[in-house]
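Only heavy atoms go into these numbers, but all of them, side chains included; no hydrogens, no water, no symmetry mates. Because the structure is a prediction, the values reported are computed rather than measured.
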Amino acid sequence: MIAANNTRSTNNDPVESSESSPITGAANGGSSRLMRQFGSLFQPAQQRNDPAGYVEFGSISEGDAHSGRTLGTFAGVFCPVALSMFSALVFIRVGFIVGNAGLYVTLLQFVIAYVILLFTVSSVCAISTNGAVEGGGVYFMISRTLGPEFGGSIGTLFFLANIVGCGLAISGCAEGLIQNFGPTDGGDVGSIPDGRWWRFLYCSSINTVMLLVVLIGAEMFAKTSMMILGVVVVCLLSTYVSFLSMGPMEVAIPVENDLVQNATNKALGSYTGLNMSTLAANLYSHYGQDYTSSGNAVNFAVVFGVLFSGVTGIMAGANMSGELKNPSRSIPSGTLSAVLFTFLCYIALSVLMAATTSTFLLQNNFLFLGPVNLWPTFVTIGILTATFSTGLSNLIGSSRVLEALAKDRVFGSLLNFVVRGTFKSNPIAAVIASWALVEAILLIGSLNTIAQINSVLFMLSYLATNLACLGIEITGAPNFRPTYKYFTWHTAFIGMVGTGVMMFVINPIYASCSVTLCLLLVFALHFFSPASQGAQWGSISQALMFHQVRKYLLMLDSRKDHVKFWRPQMLLLVSSPRSCCPLIHFVNDMKKGGLYVIGHVKVGEFSENDSSNDPTIEEYTQWLSLIDHMKVKAFVELTLSKSVREGIQHLIRISGMGAMKPNTIILGFYDEEQSKDFFEHENSPYKTAEFDDNGIKLFPFRRSGEQKPLLATDYVQIIDDVLRMKKNICLCRHFHRLDKQMIARSNHIRYIDVWPVNIFEPKNEDPFDVVSQFMMQLACIINMLPVWKRLELRVFLCESESQPEPSSFQMNSAPFERPAEHRLSMLLKSLRISASIHQIPEWGKDMDVSRHRNILKQFTSQSDSNQVMTEENVNRSKLYMQRVNQIIRDKSNATAVTFMYLPAPPKLSTIDYKEKCHHYLGLLTELTYDLPPTILVHGINSVMSTTL
């Protein structure tokens, strides 16, 4: 059946809008006050009502807005970013970079790195000023822009990047301790012992101190970072003053550098002070070996990897978004000012090093700044404070990202301990988990080895941030209106390309592994993450798909259609999906990658509807849930109409878009068979209670004894309407018997049958007309699918003994005419169809085809409009159909699906139209009685091609 049985909605629940309520405030409150009024994003897991576990905008009360938000721009953004970008690089590795790459390449690498950072900062500023930024920093921005799959995967990688960055900073801090307080080449044992496990002990101790600082809370971290930044700046100024004031001297090479010295030959490096010759010698590249990594060769990629690992702290402020009073204002201003400040510091330091220190000393003593400083203790303090602050920033950043991942249930219940382990807005469990992972990273060893991994992971997160902004800008989403005005799609594109290229320049293996891990996480989260199943965050993928689909739909021109590229575009008309689940699945198989629309007509008057909304809107979400339950790739179209026939006309006209319009209409058969509820049947593969709403069954269907909402005449008129609208039509009967699981495992069911003969007007001239070719095409499509592929395609040739009178053309042609079986065989071969041909001998022997042909034509469109039916002709036609049905049934014992020829219905202008409609349906009923699932097919245009 194809219409609803009543005029009431099948959904009695009110429709809940998925959009957030608009945020309003006092006119004189200002944008900063409005931003401060956004509530907390993450609530305890047990208090959530939303299945996605996510609230876009929380309470806007003043008390909630200020809860847990205490940091301003300088303390919350500038200080963490500046300290993270100084890291171990400023005192330990700038000399390594200048000594190997030379001043020109060093400046070029800083420009490349900071251009990438600047464009990425523009993207961060654009996203952060386009809405309320909550806890989670980069993860929050990417997940809410790209969606949970990409956001969760990139957030995971960014979490790992912060863990590796923290280990990198701690390793640098321990290296500074050993160089200043450990054994020396003069035989002094030093204040502390040295060795692999001793270094691990020092690293663990530093890591534990960081843990204690972070556990105290974000406010303590902010106070610590402000103090440390002051110390680092003072130590850096002492370095600049020393370069300008210190004279020439010789500096010892570290004892562990065995590339240039041994126990008897103690090498020294030259510090010349400001000298033009030294500057000229350091202008160009002199790549050597890295004495801290077993003498590995140094090149452009290695140097850039070390350099970039030291300036990856631009997200440190964004990671503190949950503690910022006004993140939309603080993140852009604080990050940009910190980037400019650190860039000027690095450029000045590089130029002074190149002008005062020999290449040999730069390459062979990474800690030469201590001996050449006016106050050597300042360099030691600077190394310890800069590395400690960077590690501190990365540790708290990683814990905040982990907390956000847990609260969003990206990994389901795996991270529930993080949500439960939060005390006074401080994610204690997340901090401890991050601390434990840093301990594992510290076992890796060399600082330069960790640096490249760190750079690649951070670059991948920056690439995703630029991609998020580029995608949302390309889609032209009206709600993307950042208050940061220096962002364009050009900046996002350059930043994305730059990070992508330089990521592979640094280390192709690490980059490939990171990208692969990211993609694996994307697929895993897409299929298994609870967040991706129900999150209502909005996804950039939806906006991009809309943009691309609209563009390509406009390019798809129906005037350029060609039969070689024809594919079925299905519109399945459904009354109640409860009774036709197998048919819905079967049509999904038959669409062959084409359009598939499930249409439903709701009978009623729009003006008489009691609801305040269109009733089809209320039902639409239930039909989408049905699509998800059935796991079919289909669209849904619903309409409200005075009659089923008129509603179907609406659906045929409005379904699809542009050149993607249905070309084949599929209806259930009009018969008296009892419907079966596949949602309740015990052995049904479609059984579910999802559509039973508090005792009210959604999608009700006609029960036994209930009157049909559609008359037989209306049904035949619908068939005629479809053909007049130049659409192919299929009538499907007995599909409640279809069991794909049994077909897959049964050896008894072996065939797909095609009966290309028009039973109402059989002919021998052309065994394959347009209708038969369309029937054959559908059978071939079904036979291509895995479940159906093992079945044999059979074509039955029904040839009568009586031959038609030859035409004048045939009399003048060759006297010999090949038999119909040969012609059919050649046609199947030319159409590349693998099928066996079976002749029906009893067709010509036992049945008087020629005598019944003129009688049966009365019930089709070929009838004479003035011809009157007689009771004798009707009875003879029924007996004829019963005999044909018996022949078909005898051949269908092992048949899965049968395709048969559907003649066009009688014309409206014929005499006794209503009676002919009843007899037309009655003859089709007799023809298909007790057959396997059967499709009666009528095609309009040719759908097969024998040419290239």
Side-chain angles (χ1 to χ4, degrees), residues 80-101 105-106 109-117 120 138 157-176 203 290 292-293 296 298-316 319 338-339 342-343 345-346 349-350 366 383 386-395 397-398 438 441-442 444-463 498-499 501-511 513-514:
V81 172
L83 286 171
S84 295
M85 296 185 72
F86 279 143
S87 66
L89 183 66
V90 66
F91 292 109
I92 298 179
R93 288 298 186 268
V94 175
F96 163 79
I97 296 168
V98 174
N100 285 278
V105 175
T106 299
Q109 289 188 348
F110 271 114
V111 169
I112 292 174
Y114 272 84
V115 165
I116 292 174
L117 295 176
T120 304
V138 175
L157 291 179
F158 189 69
F159 164 73
L160 296 176
N162 276 278
I163 294 294
V164 175
C166 183
L168 177 70
I170 292 174
S171 296
C173 186
E175 186 175 317
C203 289
D290 180 8
T292 64
S293 59
N296 291 335
V298 178
N299 52 37
F300 181 93
V302 172
V303 172
F304 187 78
V306 173
L307 183 150
F308 198 84
S309 69
V311 295
T312 54
I314 60 171
M315 300 297 189
N319 288 338
V339 167
T342 56
F343 178 73
C345 291
Y346 276 125
L349 188 61
S350 300
F366 300 156
I383 292 173
T387 53
F388 184 83
S389 65
T390 301
L392 201 61
S393 176
N394 284 328
L395 183 61
S398 61
V438 171
I441 294 297
L442 293 174
I444 294 177
S446 172
L447 186 148
N448 285 3
T449 304
I450 302 174
Q452 293 189 27
I453 303 175
N454 183 63
S455 296
V456 167
L457 289 174
F458 271 106
M459 276 194 165
L460 188 58
S461 65
Y462 297 164
L463 185 147
T499 51
V501 171
M502 296 313 297
M503 180 170 63
F504 281 91
V505 168
I506 292 174
N507 195 305
I509 297 177
Y510 292 164
C513 293
S514 299

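Closest heavy-atom contact between L457 and A161: CB-CB, 3.5 Å. Here the closest heavy-atom approach between residue S350 and residue V94 is recorded as OG-CG1, 3.9 Å. Minimum heavy-atom separation, M85 to L117: CE-CD1, 3.7 Å. Nearest heavy atom pair, residue G391 against residue A169, reads N-CB, 3.5 Å. Closest heavy-atom contact between G167 and I441: CA-CG2, 4.2 Å.
S309 pairs by the side chain to side chain donor-acceptor pair (under 3.5 Å) definition with nothing, not counting sequence neighbours. Qualifying ring pair (Phe, Tyr, Trp, His ring centres under 6.0 Å) partners for Y510, counting only residues two or more places apart in sequence or in other chains: none. In terms of the side chain to side chain contact (heavy atoms under 4.5 Å, CB included) criterion, residue partners of A113 (sequence neighbours excluded) are, by chain and number, F304, L307, F308, V311. Residues that satisfy the side chain to side chain contact (heavy atoms under 4.5 Å, CB included) test with V505, not counting sequence neighbours, are F300, A301, V501, M502. For A101, the side chain to side chain contact (heavy atoms under 4.5 Å, CB included) test picks out V105, T106, Y287, V303, with sequence neighbours left out. With sequence neighbours excluded, the residues that form a side chain to side chain contact (heavy atoms under 4.5 Å, CB included) with C166 are I170, M210, N394, L395, V438. Residues forming a ring pair (Phe, Tyr, Trp, His ring centres under 6.0 Å) with F458 (at least two apart in sequence, or on another chain): F158.
Taking the side chain as every heavy atom from C-beta outward, I506 and M459 approach each other to under 4.5 Å. In this structure, the side chains of T120 and I314 come closer than 4.5 Å at one or more pairs of heavy atoms. Within the 4.5 Å cutoff, no side-chain heavy atoms of F86 are placed close to those of T390. Side chains of C173 and I383 form no contact here, defined as non-hydrogen atoms less than 4.5 Å apart.
To the nearest 0.5 Å, atom CZ of residue F110 and atom OG1 of residue T342 are 9.0 Å apart. Atoms SG and CG, on C513 and L460 in that order, are 12.0 Å from each other to the nearest 0.5 Å.
No donor-acceptor distance shorter than 3.5 angstrom exists from the side chain of Y114 to the backbone of Q109, with no hydrogens or angles considered. Judged by distance alone, the side chain of T387 and the main-chain N or O of S171 form no donor-acceptor pair under 3.5 Å. Under a 3.5 Å cut-off, the side chain of N454 and the backbone N or O of G165 do form a donor-acceptor pair.
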